[in-house]
2 protein chains.
Amino acid sequence: MAGLTAPLLGLERKSLREQALSALRTAITSGELEPGRHLVETELSEMLQISRGTLREALRQLEQEGLLSAGPRGRLSVRHLDEKEIRDIYAVRAALESLAARTLCELPDRQQVTESLHKAVDAMDAAANGTLEERIESDLEFHRTLCRLTGNETLLHSWESLEGSIRMSIMFAGLEKGVSNMSVDRHKDIVAAIDTGDATLARKTILEHMDTAAANLVA
Amino acid sequence: MAGLTAPLLGLERKSLREQALSALRTAITSGELEPGRHLVETELSEMLQISRGTLREALRQLEQEGLLSAGPRGRLSVRHLDEKEIRDIYAVRAALESLAARTLCELPDRQQVTESLHKAVDAMDAAANGTLEERIESDLEFHRTLCRLTGNETLLHSWESLEGSIRMSIMFAGLEKGVSNMSVDRHKDIVAAIDTGDATLARKTILEHMDTAAANLVA
DNA sequence: CATAAGTCGACTGTTTACAGTCGGTAGTGG
DNA sequence: CCACTACCGACTGTAAACAGTCGACTTATG
């Protein structure tokens with residue numbers, strides 16, 4: 001955990017709080033802060049080189065994202081996911097993304113959508129031989145794009161609130177398991193289904209994708 | 001807005017931050033702080049009788065709940081919803097609650113579920129002649145119960161993250177419009193559908209309910 | 001030896017005061 | 001009228017402090 005990098009190095013435009021937020025998110029979803037780990041404010045603030053006040057704002061946000069769980073007396077620790085919780089998270093994720101797929105099919109101007117999705121899949125292709133982290137990243141970026149393209153800000157926001165939990169699920173399940181459902185082909189199927197404009201088909205394809213993904217994680 | 005009550009009056013076990021949180025949530029969803037209103041930290045902290053630091057933690061949380069929107073340089077203001085956003089919110093809400101309905105149908109022990117839902121509907125019946133606020137409250141409580149009974153904490157959490165936006169939608173649309181879709185009968189239909197155990201029917205009933213609710217709000 | 005009481009330390013909750021920054025606004029002089 | 005300056009309001013971030021609480025440890029006592 002000594003490697004929690006100073007937040008100062010990034011772009012100067014982000015507030016310290018946001019920098020701390022990403023640093024902590026990364027630390028947690030990368031396993032640097034292992035599940036169940038107890039977090040001490042003074043320790044973290046010193047480690048991140050920010051004041052306790054600023055840190056606490058970031059912690060509140062992480063708590064609401066489901067990356068931290070609160071114990072008695074405000075004690076925070078890194079959330080630990082069991083298999084049921086992973087299934088639950090993926091059920092919600094499936095509900096959100098199937099809404100996204102359906103919405104995309106019903107959009108008037110689908111040219112832009114098709115184009116962006118193909119670009120996202122291409123990015124996955126490019127990352128296919130990269131590190132595991134790169135593949136996870138491009139995978140999540142694809143699904144985030146799916147939500148963003150709907151133009152439904154609330155949908156995107158809800159998905160992003162879940163993103164941390166999704167990352168933890170993948171991490172918790174052990175990286176080996178998580179790989180199989182990140183195949184580029186399955187995502188091409190999704191894009192193809194959306195391209196047809198058949199909302200029912202698109203929805204079904206996404207749901208199946210989520211099902212196998214969740215099944216792989218808890219297998 | 002002078003009526004923002006001191007947060008000290010509630011139960012003593014809640015932290016000041018939580019008290020401020022509910023006070024602000026209430027103030028916003030009740031319209032005491034009107035949409036678009038610019039929030040000044042020092043003003044609010046003085047009004048709520050809490051320090052800026054504590055207040056800021058609460059503001060972060062409200063921001064993530066979608067009740068506040070951030071302008072340039074961290075400027076916060078009460079979020080303003082247009083009709084598209086209300087439709088978007090209800091689309092996400094429908095996705096979540098239809099998942100809830102489906103999940104409830106597939107639950108092994110449905111005795112408890114049926115019982116709790118009937119109690120929630122009874123509460124709506126009891127509130128039917130009460131104030132508009134009481135009716136909204138019992139309505140939301142019904143839908144929250146729907147999500148809670150699934151046992152899917154993530155689903156409940158996602159729904160609760162949306163609750164503030166839902167309240168704003170109802171408020172923004174003008175209370176008159178919002179009343180029609182709060183009829184107890186429609187909710188009895190939902191319970192009945194879930195009682196049959198037919199997931200498809202339950203899902204369809206919820207989706208229709210959400211559709212008409214959203215249509216009423218933006219009509 | 002077991003237990004009850006007292007003490008200490010670690011944390012969190014919260015407040016206060018202060019430094020720095022940025023943008024808008026009011027004067028002020030040309 | 002325009003440009004420059006000075007100032008003010010508001011936000012971000014920081015540092016230092018104090019209270020309350022709870023667990024662990026110690027100690028006295030029967």
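What you are looking at is a predicted structure, and each value in this text was computed from that prediction instead of being measured. Chain identifiers are assigned alphabetically (A, B, ...) following the order of the sequence lines, protein sequences preceding nucleic acid strands; residue numbering begins at 1 within each chain.
With rounding to the nearest 0.5 Å, the separation of CG in B/L96 from OG1 in B/T154 is 11.0 Å.
Rounded to a whole Å, the NZ atom of A/K14 is 16 Å from the P atom of D/dT12. We find that CG of B/L76 is positioned 7 Å from P of D/dT12, with the value rounded to whole Å. Protein atom CG of B/L39 is 13 Å distant from nucleotide atom C1' of D/dA10, rounded to whole Å. Atom pair A/L21:CG and D/dG13:P shows a separation of 12 Å (rounding to whole Å applied). Rounding to whole angstrom units, CG of residue B/L16 and C1' of D/dA19 are separated by 12 Å. For the pair A/E46 CD and D/dA16 C1', the interatomic distance rounds to 15 Å; values are reported in whole Å.
The residue from A/E153, A/E141, A/H143, A/E160 that alone fulfils the side chain to side chain donor-acceptor pair (under 3.5 Å) condition with A/R148 is A/E141.
B/R79 places a side-chain N or O within 3.5 Å of a backbone atom of B/G66 that can act as its donor or acceptor partner. Checking side-chain atoms of A/Q61 against main-chain N and O of A/A58 turns up no donor-acceptor pair under 3.5 Å. At least one donor-acceptor pair under 3.5 Å links the side chain of A/R110 to the backbone N or O of A/I194.
Among the heavy atoms of the strands, none lies under 4.0 Å from B/L55. Across all strands shown, A/R52 has heavy atoms under 4.0 Å from base atoms, whether or not it also approaches the sugar-phosphate.
In the helix from C/dC1-D/dG30 to C/dG30-D/dC1, the rotation axis of the first five pairs and that of the last five pairs differ in direction by 10°, rounded to 10 degrees.
Between A/R73 and A/G53, the residue anchored nearer the 5' end of DNA chain D, judged by the nucleotide with its closest heavy atom, is A/G53.
Using a 4.0 Å cut-off between charged side-chain N and carboxylate O, B/R93 and B/E163 make no salt bridge.
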Without placing hydrogens or testing angles, list every side-chain donor-acceptor pair under 3.5 Å for residues 119-129 of chain A, not counting sequence neighbours.
unit_1 : atom_1 : unit_2 : atom_2 : d
A/D125 : OD2    : A/K188 : NZ     : 3.4

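For the residue pair B/S22/B/E18, the side-chain donor-acceptor check at 3.5 Å is not satisfied. With 3.5 Å as the limit, one finds no donor-acceptor pair spanning the side chains of B/S45 and B/E41.
The shortest distance between the side-chain N/O atoms of B/R56 and the OP1/OP2 oxygens of D/dT12 is below 4.0 Å.
Taking every nucleotide of DNA chain C with any atom under 4.0 Å from a non-hydrogen atom of chain A, the first and last of them, 5' to 3', are C/dC11 to C/dT14.
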